[in-house]
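Take a look at the structure set out below.
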Amino acid sequence: MTASVPFRFEAVGSYLRPQALREARRAFEAGAIDRDQLTAVEDEAITQLVTRQKEAGLRAFTDGEFRRSTWHLDFMWGFEGVSHRPTETGLPFVGEAALIDDTFLTGRLGYPAKGHPFVQHFAFIRQFEDADHVAKLTIPAPAQFLKQFDLPPAWPQTSRFYASREELTEDVVRLYRRFIAEAYAAGLRNLQLDDCTWGAFVDPKATTLFGCSEDRLADELEFYLQANNHAIADHPDDLAITSHVCRGNYHSTYFSTGAYDRVSSHLFARENVSALYLEFDDERSGGFAPLRHVSDDKRVVLGLITTKSPKLESKEAIKARIAEAAQFVPLERLCLSPQCGFASCEVGNKLTEQEQWAKLALVRQIAEEVWGPQDA
């Protein structure tokens with residue numbers, strides 16, 4: 001089945017947390033319930049979510065990231081040498097600060113002796129796989145991991161343990177290769193790397209964000225591209241590895257803006273993944289022309305349906321945009337999804353669970369009308 005990944009109708013991975021799960025997490029943080037009790041609530045919520053995804057027609061399903069507070073940081077916290085604390089300022093998203101934990105190094109990176117908790121999380125949802133459905137695991141890309149610790153604001157702390165970015169990269173690559181091997185041994189065959197690095201590169205503030213001059217940005221692009229490629233090199237042939245590119249997704253707001261032109265000749269042409277999930281839900285993403293750089297061995301999942309608003313898009317308008325994209329990538333190599341998750345962070349975006357499922361129903365309807373129900 002992994003040869004078909006991604007499918008014509010896809011979702012990025014995170015879903016709005018149900019109220020019972022939110023309440024259980026608050027109770028756990030307050031000490032009113034223990035970890036086993038919280039896990040039982042998570043298990044039930046995820047079980048119901050998997051059923052709902054299958055009913056919605058999705059052939060690739062996730063755990064909704066229901067055991068996480070954020071789409072990326074919890075993964076980092078699973079390694080030795082990483083710590084976190086509640087933020088005092090948050091990250092400067094447009095219109096609102098993203099109140100996610102400050103995350104930093106407290107030592108050199110190490111792999112946990114008991115294995116990474118995300119492998120255990122995957123093992124739970126793997127039980128729901130069948131001949132028609134495959135479980136997908138979403139984790140931050142290696143570049144995203146690096147960016148957390150090597151950008152100018154983080155480097156004073158990181159440099160206490162690493163003499164150079166290259167030295168840090170070696171450890172990150174080592175950890176990812178070990179994680180991928182452990183997850184593969186647990187049955188993983190569908191891995192999605194979520195990556196805001198490229199969304200930051202396209203922003204007008206890129207030189208400030210990466211602490212370099214304009215003429216050095218190409219070197220920075222190459223650095224992060226090679227980090228991703230080295231970390232996933234030599235993975236098993238039957239493990240599908242895809243990449244989702246985002247410009248930030250927190251409480252229906254965003255971090256960066258800009259078309260893909262600056263990154264397309266690196267990311268689209270040379271990242272060694274089998275598919276790219278690309279957001280194209282509004283003018284922040286620019287046009288489709290950069291898709292001309294997509295290598296012939298990749299599929300593209302067009303994120304044309306926004307998760308930041310409950311308003312349903314026009315089917316005809318979306319079909320027209322798919323046709324426009326097909327001028328650059330053949331229709332048979334295109335798929336359709338929402339532009340991002342519905343709750344990249346626990347707070348979730350500003351829509352209801354009912355509106356969330358209506359968005360996915362729209363994606364399915366359009367996919368079936370464009371490619372046919374047997375192919376969606």
Side-chain angles (χ1 to χ4, degrees), residues 13-14 65 68-93 97-112 116-118 138-180 192-203 205-206 208-212 220-221 223-232 243-250 254-256 263 267 340-341 344-346:
S14 67
E65 302 178 4
R68 313 182 200 181
S69 59
T70 72
W71 61 277
H72 60 322
L73 297 180
D74 297 66
F75 178 78
M76 301 176 193
W77 301 340
F79 293 103
E80 296 173 353
V82 181
S83 189
H84 60 106
R85 58 173 172 256
T87 185
E88 295 182 2
T89 60
L91 294 176
F93 275 53
L99 300 177
I100 58 178
D101 280 13
D102 296 333
T103 298
F104 47 89
L105 294 186
T106 55
R108 291 183 70 91
L109 292 165
Y111 205 88
H116 196 284
F118 274 35
T138 62
I139 64 172
Q144 186 73 39
F145 196 114
L146 272 173
K147 189 162 69 72
Q148 180 69 35
F149 303 114
D150 76 354
L151 288 186
W155 188 250
Q157 175 67 13
T158 301
S159 64
R160 295 175 58 193
F161 313 106
Y162 289 95
S164 67
R165 290 201 308 171
E166 290 71 23
E167 188 180 8
L168 172 65
T169 303
E170 289 179 4
D171 271 0
V172 171
V173 167
R174 175 179 56 82
L175 293 183
Y176 268 80
R177 289 188 173 189
R178 185 167 175 183
F179 176 86
I180 290 171
Q192 177 182 299
L193 305 175
D194 294 324
D195 204 345
C196 287
T197 311
W198 313 100
F201 271 122
V202 304
D203 192 87
K205 304 184 298 295
T208 300
L209 294 173
F210 288 93
C212 69
E220 292 295 294
L221 282 166
F223 174 78
Y224 287 107
L225 173 71
Q226 292 304 323
N228 280 347
N229 282 343
H230 289 159
I232 63 176
S243 181
H244 167 240
V245 178
C246 183
R247 292 165 180 78
N249 189 48
Y250 179 89
Y254 59 91
F255 178 77
S256 61
V263 302
L267 175 67
C340 198
S344 300
C345 299
E346 194 171 4

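Keep in mind the model is a prediction, meaning the values are calculated, not measured.
A donor-acceptor contact shorter than 3.5 Å is absent between the side chain of Asn228 and the backbone of Ala141.
Expressed to the nearest 0.5 Å, how far CZ of Phe118 lies from OG1 of Thr138 amounts to 7.5 Å. In this structure, CG on Leu73 lies 5.0 Å from CD1 on Ile100, to the nearest 0.5 angstrom. From Arg68, atom CZ reaches atom CD of Glu346 across 12.5 Å, with rounding to the nearest 0.5 Å. Taking CH2 of Trp71 as the start and CD of Gln144 as the end, the distance is 3.5 Å to the nearest 0.5 Å. In this structure, the separation between CG on Leu91 and CG on Asp102 is 7.5 Å, given to the nearest 0.5 Å. The line from CE of Met76 to CD1 of Ile139 is 10.0 Å long, rounded to the nearest 0.5 Å.
In summary, the aromatic rings of Tyr250 and Phe255 are positioned with their centroids too far apart to meet the 6.0 Å limit. Ring centers of Tyr176 and Phe75: under 6.0 Å apart, within the cut-off. In summary, the aromatic rings of Phe145 and Tyr224 are positioned with their centroids too far apart to meet the 6.0 Å limit. Ring pair His84/Phe104: centre-to-centre distance not below 6.0 Å. The distance between the ring centers of Phe93 and Tyr254 does not fall below 6.0 angstrom.
Side-chain contact annotation: Asp150 with Thr158, donor-acceptor N/O pair under 3.5 Å absent. Side chains of Gln192 and Asp194: a donor on one and an acceptor on the other come within 3.5 Å.
Among all heavy-atom pairs drawn from Val173 and Ala227, the shortest one is CG2-O, 4.1 Å. Nearest heavy atom pair, residue Pro142 against residue Val172, reads O-CG1, 4.2 Å. In this structure, Gly199 and Val202 approach most closely via the heavy-atom pair O-CG2, 3.2 Å. When every heavy atom of Ser344 is checked against every heavy atom of Glu65, the shortest pair comes out as O-OE1, 4.3 Å. Between Asp171 and Leu109 the shortest heavy-atom distance is OD2-O, 4.1 Å. Shortest non-hydrogen contact noted between Pro112 and Gly78 is CG-O, 3.3 Å.
Under the salt bridge (charged side-chain N to carboxylate O under 4.0 Å, His left out) criterion, Glu167 pairs with Arg108, sequence neighbours left out. For Phe223, the ring pair (Phe, Tyr, Trp, His ring centres under 6.0 Å) test picks out no residue, with sequence neighbours left out.
With contacts defined as side-chain heavy-atom distances shorter than 4.5 Å, the pair Lys147/Phe210 qualifies. Here the side chains of Gln148 and Thr103 are in contact, with some heavy-atom distance below 4.5 Å. The side-chain heavy atoms of Leu105 and Tyr162, taken from C-beta on, include a pair separated by under 4.5 Å. Side chains of Leu146 and Leu168 form a contact here, defined as non-hydrogen atoms less than 4.5 Å apart. Looking at heavy atoms from C-beta onward, Leu193 lies in side-chain contact with Ile232 at the 4.5 angstrom threshold. Within the 4.5 Å cutoff, no side-chain heavy atoms of Trp198 are placed close to those of Ser256.
Summarising the local packing, CD of Glu88 is surrounded by 12 or fewer heavy atoms from other residues, nucleotides or ligands at distances under 6.0 Å.
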**OP:** Given side-chain hydrogen bond (donor to acceptor under 3.5 Å, both in side chains), test Ser243 with Asp195 step by step and report yes or no.
**Re:** CA-CA 7 Å; Ser243 181; Asp195 204 345; 4.8 Å; no

**OP:** Determine, stepwise, if the pair Thr87 / Asp101 fulfils side-chain contact (heavy atoms from CB on, under 4.5 Å).
**Re:** CA-CA 5 Å; Thr87 185; Asp101 280 13; 5.7 Å; no

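Between Glu220 and Arg165, at least one side-chain N (NZ, or NE/NH1/NH2) sits under 4.0 Å from a carboxylate O, which counts as a salt bridge.
Ring planes of His116 and Phe179: perpendicular class, angle over 60° (limits at 30 and 60°).
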